[in-house]
Participant: 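I'd like to ask you about the structure that follows.
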Amino acid sequence: MPVVPTRTLRRVLVANRGEIAVRVMRTCRERGLETVAVFSDADRLAPHVQMADYAVHIGPPPSRESYLVIAKILAACKETGADAVHPGYGFLSENEDFAEACEAAGIAFIGPRPDAMRKMGSKTEARITVSAAGTPVVPGDNGPGGNGFPDAASALAAARAIGFPVLIKAAAGGGGKGMRLVAGEAEFTSAFDGARREAAGAFGDDTVYIEKAIIRPRHIEIQVFGDAHGNVVHLGERDCSIQRRHQKVVEEAPSPVVSDDLRRRMGAAAVAAARAVDYLGAGTCEFLLGADGNFYFLEMNTRLQVEHPVTEMIYGVDLVSWQIDVAEGRPLPMTQAELDSRRRGHAVECRIYAEDPVKFLPSPGKITHLRVPDGPWVRNDSGCYEGAEIPVHYDPMISKLVVWGEDRRQAVARMRRALDEYQVRGIETNLAFHRLCLRHPSFVEGDYDTGFIGREQARLTPTASGDELDAAVLALAIDAADAAGHGGPRPAAAKTNGAGNGHATPQPSTEISGWRWGMRSGWRG
Ligand code: MV4
């Protein structure tokens, strides 16, 4: 093993805002590291600014002119003498030019090496790299020469060979952008051209490739960690199948459907993928888990993820502290065997968004009243407070409510309790959605996949208007037709419940307390 010199960090600039900036600073403070905040005009009074030892203004509210400007972040480091940067998630966290610029300026980038970010940034390159390491990828075709299809005709030939349905995906994509599902040959050419146009517009790169579509998969991701001494471990899985339009809403660890044997196999596959790019620090390998129990690597996220707390809860570790250890050149604090033996219980995270619970549109504004849940085994990672203005310029997630329990039943019950304690007024939130989701019989059974919210919209919408119900029923009908086309029988979907009826307009901001929820959303109660 190489001899890696350790360097003790003293002052960390957090190139982010909101709950993740606060969360990173908490660990820095615990370790005796000084912290530097950066902030836009919209964040002058934000909690991350108040928490930091130093704070540097970096421009107007739009992130393109503040949190995304590499030169401004580097200037803030210089001005404050920061010797490290934590990028959080989003913004510059997966920008290899930023990582490179930090290191070139003698500032430790708390994250992977730029080369690993680059290799995983291209989905086609990632497929080649990890499958060479033995990690299963979705059956597909990267195109002649391995980097995309030049025209629809060659892509169609590949799609025929793979077998419909297929997905056309952007090599530069991720998170569902530039992705088209194609059920059969007739639609193929227009979908191909559309996907290419969309990819060119979104990423400035129209490279597209093809994968076999996995029907009704679960989204299971494995947390991995590497150090500079050649150690790579995994910290099990998170089930992130509860998503809406590629935005995660509820996550849990462990997955209700992952056995110890499957965890061992998926963990080994993720570790192999990380090793293939000499991975350093915290990373996540995303997999699709098919109904048949097969799993396939999708992509690797080269950052700390939003949902990392559920992993922290069941392993009893501080992943940000591990990131700092690795950035200082220290070995990982635990071996795989130690990690395996300390995993305990179950954790659930609900992302609380400032959004209209019916129309799912952002709902910025002033929080006029706030009561956050607490009590045993409840964690609320938040970047806002009573009286705060939720800016329009950034992600509308206002907090992550995370609970731990000895088992899934206890964790789910505890989350219901915590959600019922949570009160927000002045802005709309998705709290009502969460209260219904955590009581939905399929969720309670752990029986869900990535299509859950789409199919169950009517039962998960607190006060749907006639239009919303119509749209949901239409979506279900399309889904059922789709299922018939793909040959798989599905459970009858369209059931409505009392919560979907009787209220013409959403009224979440007028709620008084949680007790009403126990009554109103109890199933057939
Ligand atoms: C897929 C898939 C089925 N088959 N790939 C969506 C986001 C991007 N990371 C990959 N995505 C998918 N890729 C194959 N070959 C289904 C999805 C998908 C999905 C994946 C994870 C979580 C939610 C999802 C919702 C819709 C589609």
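Counting starts at 1 for both ligands and their atoms, following the listed order. Note that the coordinates shown come from a computational prediction; the quantities given were computed from them, not determined experimentally.
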Participant: Taking NZ, NE, NH1 and NH2 as the nitrogens, is one of them in Arg238 or Glu251 under 4.0 Å from a carboxylate oxygen of the other?
Facilitator: no

Participant: Taking the side chain as every heavy atom from C-beta outward, state whether Glu252 and His346 have any pair of such atoms under 4.5 Å apart.
Facilitator: yes

Participant: Give the protein residues with at least one non-hydrogen atom closer than 4.0 Å to an atom of ligand 1, ordered by chain and number.
Facilitator: Val138, Leu167, Lys169, Gly175, Gly176, Met179, Glu211, Lys212, Ala213, Ile214, His219, Gln243, His246, Glu286, Leu288, Leu298, Glu299, Thr450

Participant: Assess whether a salt bridge exists between Asp420 and Arg435, defined as any Lys/Arg side-chain N lying under 4.0 Å from an Asp/Glu carboxylate O.
Facilitator: yes

Participant: Indicate yes or no: does Arg118 engage Glu125 in a salt bridge with an N to O separation below 4.0 Å.
Facilitator: no

Participant: Between Asp115 and Lys119, does any side-chain N to carboxylate O distance fall below 4.0 Å?
Facilitator: yes

Participant: Would you mind writing out the side-chain donor-acceptor pairs for residues 265-282 within the sub-3.5 Å range, not counting sequence neighbours?
Facilitator:
| residue | atom | partner | partner atom | Å |
| --- | --- | --- | --- | --- |
| Arg265 | NE | Asp261 | OD2 | 3.1 |
| Arg275 | NH1 | Gly230 | O | 3.0 |
| Tyr279 | OH | Ala282 | O | 2.8 |

